[in-house]
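For reference, the structure is listed below as structure tokens.
The first residue of the sequence shown is numbered 1, and numbering continues consecutively from there.
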Amino acid sequence: MFLSVFDVFKIGIGPSSSHTMGPMSAANRFLELIPSPDWPRPAGAAVTSITASLHGSLAYTGIGHGSGRAVVLGLMGERPDRVDPDRMDGIIEAVERTGEITPPGHPTYRFQPKIDLVFDKKVPLPGHANGMSFSAFDKDGRLLLKRIYYSIGGGFVVTDTELEAMRASKTKPGGVKVLYPFANAKQMLEMAARSGLSIAQMKRANEECSMSREDLDDGLDRIWAAMKSCIDRGLAQEGILPGGLKVRRRAGMIHDKLEQEWRSNKVNPLLANDWLSVYAMAVNEENAAGGRVVTSPTNGAAGVVPATIRYYLHFHEDADDNGIRDYLLTAAAIGGIIKFNASISGAEVGCQGEVGSASAMAAAGLAAVMGATPEQIENAAEIALEHHLGMTCDPVGGLVQVPCIERNALGAVKAVTAASLALKGDGSHFVPLDACIETMRQTGFDMHDKYKETSTGGLAVNVVEC
């Protein structure tokens, strides 16, 4: 099993890796099929119109998460890591006004979002909670091409046949042969002990099986640059977040107060938690507004890792670029293990799989750059994940705002606490990380669907929407 650090950390747009980046990528994939000779079609038949339907969690919370917008952008040829957030509204408006999509390299196709984009809450697709279907028709309305896709978390998209093959072979995305192919934490610790390498060094060796050291470092630096930019943009913005809940951005205001306290040398026993929280909230307010974020490992949990890296830079005198790279490599190793053995998708296992996984990754990364042994790093990840077990995903109004923004702040605080506790010990502990991950998987399987990103239970139904 091998998931690249660039599979765990993907640059894209908010508010959700499963509900925004996934549908956009699925639309990209469907577009690529249309000119392909690999599907049968009647002689002379040409695609003139396209339709799409969203199912399961995508149908229930897709409007609040911007899934429909993502489909339109994807069908216009925009890609999650390249789309300009400042141009998105104009692109959507043009499609709604004309009833047509004009992807580069294609003819014009009819696509009227109010008619041709369906949020189907009645018919779930069998493979996964985040299912979607795309269809292409000729001028006489004959169906020429249909494909089903699933957004399985963290921006990953697979077809129905790919999902079946993955489950049959018990594999997940990532099939590169590497030097240290650990599939769980036990194997990771055993390989570290045999090799004498740190987790970051093993992860680096694995990545360099398919890319140069320079390309790897450049990619890691781009990830952190995107995270840092997101924090800075989030701290600079103010006003009401879109969606109708009238949630006000608070990160900038809190940051200004913290800066005043910092300059005045005023004693604040909550200082570390305050900085952690404001950094995480800045990211997730930006995510809620549809800005550019990095899956860490998802958009809904995108604030935890950047917040703890910024915290490391702020408070650790030895912090440097190499430390950030080691942090990201260590965090990605833990994120890959969780994704392979359980899930990072809120639609599959609730928010324990999103913010819980992010907190475990952040705790591991922070412990690593603070000088932890592999055993202490594994301990830190376990502590952070254990204390998110059972957490539901119940976004009010289907928006990634309440409780998601503050939940990232608390996930960052838990990550730092977990790293600190682990560093105070010798790495030995009662609950192995692998057991905690399996518990998370089982808990998610048993969790009622109304608590798994459908907004039909929990806070989503007990808070009156404004």
Side-chain angles (χ1 to χ4, degrees), residues 5 8-9 11 14 200 220-237 249-263 268 270-289 291-332 334-335 355 358-372 380 384 404-420 423:
V5 63
V8 177
F9 297 112
I11 300 172
L220 293 171
D221 293 345
R222 282 196 300 274
I223 290 171
W224 169 238
M227 289 179 172
K228 182 179 182 297
S229 176
C230 186
I231 292 174
D232 292 341
R233 182 177 171 86
L235 292 176
Q237 302 298 313
R249 287 182 183 252
R250 291 178 289 162
M253 176 267 294
I254 296 172
H255 181 260
D256 290 344
K257 290 183 177 179
L258 289 174
E259 287 283 7
Q260 292 173 10
E261 289 183 2
W262 188 265
R263 288 191 294 268
N268 178 1
L270 302 176
L271 188 62
N273 285 355
D274 288 344
W275 283 107
L276 274 168
S277 298
V278 77
Y279 293 146
M281 290 173 65
V283 171
N284 283 85
E285 287 176 356
E286 192 64 15
N287 180 59
R292 188 180 301 281
V293 299
V294 179
T295 61
S296 311
T298 66
N299 283 24
V304 180
V305 166
T308 51
I309 295 179
R310 190 74 166 253
Y311 168 87
Y312 159 68
L313 292 172
H314 196 141
F315 289 102
H316 197 289
E317 61 182 13
D318 296 326
D320 59 17
D321 289 342
N322 286 328
I324 294 173
R325 293 166 187 158
D326 284 347
Y327 177 114
L328 290 171
L329 289 166
T330 305
I334 298 300
V355 171
S359 189
M361 291 164 59
L366 185 60
V369 296
M370 296 294 287
C404 316
I405 295 170
E406 290 179 354
R407 189 167 283 178
N408 275 259
L410 272 293
V413 171
K414 286 184 181 181
V416 172
T417 303
S420 180
L423 283 162

Sorted by chain and number, sequence neighbours left out, side chain to side chain donor-acceptor pair (under 3.5 Å) with S296 holds for none
Considering residues at least two apart in sequence or located in another chain, which fulfil the side chain to side chain donor-acceptor pair (under 3.5 Å) criterion with E286?
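If we apply the side chain to side chain donor-acceptor pair (under 3.5 Å) test to E286, skipping adjacent residues, the hits are R233, R249.
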Taking the side chain as every heavy atom from C-beta outward, state whether [X] and [Y] have any pair of such atoms under 4.5 Å apart.
X    : Y    : answer
P297 : M361 : yes
I254 : D274 : no
W224 : L313 : yes
N408 : V283 : no
V416 : T308 : yes
I231 : L235 : yes

Quick one: closest heavy-atom pair of [X] and [Y], and the distance?
X    : Y    : value
G234 : A251 : O-CB, 4.3 Å
F9   : L328 : CE1-O, 3.5 Å
Y327 : G365 : CD1-C, 3.3 Å
V5   : A332 : CG2-CB, 3.6 Å
A226 : I11  : CB-CD1, 3.9 Å

With A368, which residues qualify under side-chain contact (heavy atoms from CB on, under 4.5 Å), at least two apart?
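Applying side-chain contact (heavy atoms from CB on, under 4.5 Å) to A368 gives T330, I377.
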Sorted by chain and number, sequence neighbours left out, side-chain contact (heavy atoms from CB on, under 4.5 Å) with A380 holds for A363, A367, A422
Quiz: residues 298-307 side-chain donor-acceptor pairs under 3.5 angstrom, not counting sequence neighbours:
| residue | atom | partner | partner atom | Å |
| --- | --- | --- | --- | --- |
| T298 | OG1 | A301 | N | 3.2 |
| T298 | OG1 | E354 | OE1 | 2.7 |
| N299 | ND2 | I13 | O | 2.7 |

_Backbone N/O of I405 and side chain of E285: donor-acceptor pair under 3.5 Å_ = no
Quick one: pull up [atom1] in [X] and [atom2] in [Y] and give me the separation to the nearest 0.5 Å.
X    : Y    : atom1 : atom2 : result
L276 : Y312 : CG    : OH    : 15.0 Å
K257 : R250 : NZ    : CZ    : 11.0 Å
M281 : N287 : CE    : CG    : 13.5 Å

What pairs of donor and acceptor atoms, side-chain ones from residues 316-323 against any protein atom, are under 3.5 angstrom apart with sequence neighbours left out?
| residue | atom | partner | partner atom | Å |
| --- | --- | --- | --- | --- |
| H316 | ND1 | D318 | N | 3.1 |
| D320 | OD1 | N322 | N | 3.3 |
| D320 | OD1 | G323 | N | 2.8 |
| N322 | OD1 | R325 | NH1 | 2.9 |

**Asked** If you draw a 6.0 Å radius around CD in Q237, do more than 12 non-hydrogen atoms from other residues or ligands fall strictly inside?
**Response**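 Yes - once you tally the heavy atoms of other residues, nucleotides and ligands closer than 6.0 Å, there are more than 12.
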Legend entry - Of H314, H255, K228, the residue whose pairing with Y279 passes side chain to side chain donor-acceptor pair (under 3.5 Å):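 Only one of H314, H255, K228 forms a side chain to side chain donor-acceptor pair (under 3.5 Å) with Y279, namely H314.
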